[in-house]
Protein chains: 2
Amino acid sequence: MQAGKVSIRMDGGPIISAFATVAGSKEGQGPLRKGIDKIEENSTLSKQNWEQAESQLQKETLGLLFHKGGLEQGDIRYLFAGDLLGQLIATSFGIADFHLPLFGLYGACSTMGEALALAAMTVHAGYAERVAALASSHFASAEKQFRFPLGYGNQRPLSATWTVTGCGAVCVSKEGLFDKEKNPDIAYARITGITPGKVVDIGSRDAMNMGAAMAPAAFDTLLHHFEDFACGPEEYDKIITGDLGIIGQRILLDLMEKKGLSIEGRHMDCGLEIYARQGQDVHAGGSGCGCSAVTLGAYILPQLFSGNWRKVLFLPTGALLSSVSFNEGESIPGIAHAVVLEHCLS
Amino acid sequence: MQAGKVSIRMDGGPIISAFATVAGSKEGQGPLRKGIDKIEENSTLSKQNWEQAESQLQKETLGLLFHKGGLEQGDIRYLFAGDLLGQLIATSFGIADFHLPLFGLYGACSTMGEALALAAMTVHAGYAERVAALASSHFASAEKQFRFPLGYGNQRPLSATWTVTGCGAVCVSKEGLFDKEKNPDIAYARITGITPGKVVDIGSRDAMNMGAAMAPAAFDTLLHHFEDFACGPEEYDKIITGDLGIIGQRILLDLMEKKGLSIEGRHMDCGLEIYARQGQDVHAGGSGCGCSAVTLGAYILPQLFSGNWRKVLFLPTGALLSSVSFNEGESIPGIAHAVVLEHCLS
């Protein structure tokens, strides 16, 4: 079951059998608008503060996952979930009403990769028939947590990314959720391998250029992945990072090129897909746990379910900083967790 | 492999084959002093700030675990780790040098339970031969994160607990680390089941009485545990919560008594073991991720390894709050993850 040093191969692994996404109005104006299940025009979600708004995003997304999957209380055994806020308060208050055993995760913006990896490990081992994985972020709660009060109206450099307001959730299960005979054409995405990431610190210190801080982590995970699975980039229709943005993407492409493992043409970054490059003023791209989580549900999984894509490597990327560590002059380490997703028939 | 609704039974489960603890001077003056591997008299650990000090605790503890277990780079496949600080900065900067694939976890003070549960699931499923689980806290970094600057010298009510400065790490493995023939008498602790906890929110709002906020979560996990494993408190020599303290312990004992499942006499709380009740001014007891993690290594595991205790339920407890959620008037939900630990011969 082990593959190489850090990866786990999951032949006949579990499937992503259902997914749901809820996002904000800016995301709803972007290229993925048709794939997002629910768009919240009011960024407060009618709540009293941004943290409650983000919790509400989680609540709605998880509720929608249950609805779309035809799931009832008791059908989901464990929840793997996290967000960007200190002490994961968006998660604690977002999912409490579902009364699910919770594994709280923090991988910065890589959290959806971490959650998917652990969810897949849990189901593949037979510990559960069905579990859920979820991650969220909210532009305003993240600005408050990491940067400046919105009222300051401070300018952002062009290297900065825009935190996605959104949440994505998936059901990872052993079997499909719907009757095969009644739904003969239904397809899923199968998780057939994972490569958990290490903390990679190259000493980057610019919190307004997190793509540069995360690209070396994506690079590290990719190298381990190709080594452990004895394959190269050509194995995948798409290699999809979480939120490197324009600058981080360029760095990763260059690093891979130098290793003789070019991913140019195959590489896709969720942060560059979720907003329009022209007309939506997000500078270097989108970011946040919600960036890869929403893009997974609104774009990647539909492509895999339909068979348009056969096999992709989903690689959410995270920048491990807090306002405390940053203000104390620390560097910004990165981490990236990779999950292999394959088209599969029911 | 599933047991009831939320638990996992692990017959012939993995073992805790090595452990290490590093703690501060106050902990070093307490009853567990002889069990703590290394006591740091200087609470800054000669670092520039409290966060760096906590990272250093992690670095030393993980290094010591490698040393005590005779482990080398490559022997540990994954690390499950976390701390109390926003965005887990103690962990990101504490363990980076070990270049281990990291699953970052946040379960507040229950993190050692969450880490042990996932570590056990990973090894028991055959995904790895050996993994490590680790959790830390530091009195001063926690005060800074959650309460007031130390320089204010603010008074703490008697219901408040004292955050443990310390880190505990364990190696969870399929086999023992030492040659059986050369070490015929060596014994371990086997992990034979887990009951991951749910977020339980009874609306408690007093951040200076976190035992009261966490006791209902411990109660909830205990009820699920006894139901899933079809057993009662008499199954265990000790039922060990993380950091309920005097008040939380009383509440838990009363709740269990009312359910006809008295744990009085069998119950032990790490927060009430790590400091002397007389002479060490900690008010309601110790708390923090480090409280259960240090007590595990300094007291619980030695009792299990020696066979003094046959079987215990280790149940770290967490209070899910941040200064943001608290200041916004939110309640303080709790969570508690249970792990069954049994004495076993090599």
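Sequence lines set the chain letters: A, B, ... in the order given, protein chains first and strands last, and positions in each chain run from 1. Computed from heavy atoms alone, side chains included, the values below leave out hydrogens, waters and symmetry copies.
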Student: In plain terms, say whether B/Glu54 and B/Lys47 are close enough for a salt bridge, that is, a side-chain N and a carboxylate O under 4.0 Å apart.
Tutor: no
Student: With only heavy atoms counted, which part of A/Leu84 is less than 4.5 Å from chain B, the side chain, the backbone, both or neither?
Tutor: backbone
Student: Which bit of B/Phe93 is near chain A, if near means a heavy-atom gap under 4.5 Å: side chain, backbone, both or neither?
Tutor: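 Only the side chain of B/Phe93 comes within 4.5 Å of chain A.
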Student: Name the region of B/Gln48, side chain, backbone, both or neither, that has any atom closer than 4.5 Å to a heavy atom of chain A.
Tutor: neither
Student: Does any backbone or side-chain atom of A/Phe80 lie under 4.5 Å from a heavy atom of chain B? Answer side chain, backbone, both or neither.
Tutor: side chain
Student: Do the side-chain N and O atoms of B/Gln52 and A/Glu330 include a donor-acceptor pair separated by under 3.5 angstrom?
Tutor: yes
Student: Heavy-atom distances under 4.5 Å only: say whether A/Ile89 touches chain B with side chain, backbone, both or neither.
Tutor: side chain
Student: Please look at A/Tyr78 and chain B and tell me whether the side chain, the backbone, both or neither of the residue comes under 4.5 angstrom of a heavy atom of that chain.
Tutor: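 Contact with chain B is through the side chain of A/Tyr78 alone.
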Student: Chain B heavy atoms under 4.5 Å from A/Ile335: which part of the residue, side chain, backbone, both or neither?
Tutor: side chain
Student: For B/Ala125, does its backbone N or O pair with a side-chain atom of A/Tyr127 as donor and acceptor, under 3.5 Å?
Tutor: yes
Student: So that I can tick it off, tell me whether B/Asp220 and B/Lys198 are bridged by a salt bridge, with the cut-off set at under 4.0 angstrom between side-chain N and carboxylate O.
Tutor: no
Student: Checking heavy atoms, do the side chain of A/His224, its backbone, both or neither come under 4.5 Å from chain B?
Tutor: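 Interface part for A/His224: neither.
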Student: Which bit of B/Leu102 comes within less than 4.5 Å of chain A, counting heavy atoms only: side chain, backbone, both or neither?
Tutor: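 Both the backbone and the side chain of B/Leu102 come within 4.5 Å of chain A.
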Student: Under 4.5 Å from any heavy atom of chain B, what part of A/Ser331 do you find: side chain, backbone, both or neither?
Tutor: both
Student: At a heavy-atom distance under 4.5 Å, which candidate from A/Asp201, A/Val199, A/Thr91 has the highest pair count against chain B?
Tutor: A/Val199
Student: Pick out which of A/Glu60, A/Gln58, A/Met112 makes a side-chain contact (heavy atoms from CB on, under 4.5 Å) with A/Cys167.
Tutor: A/Gln58
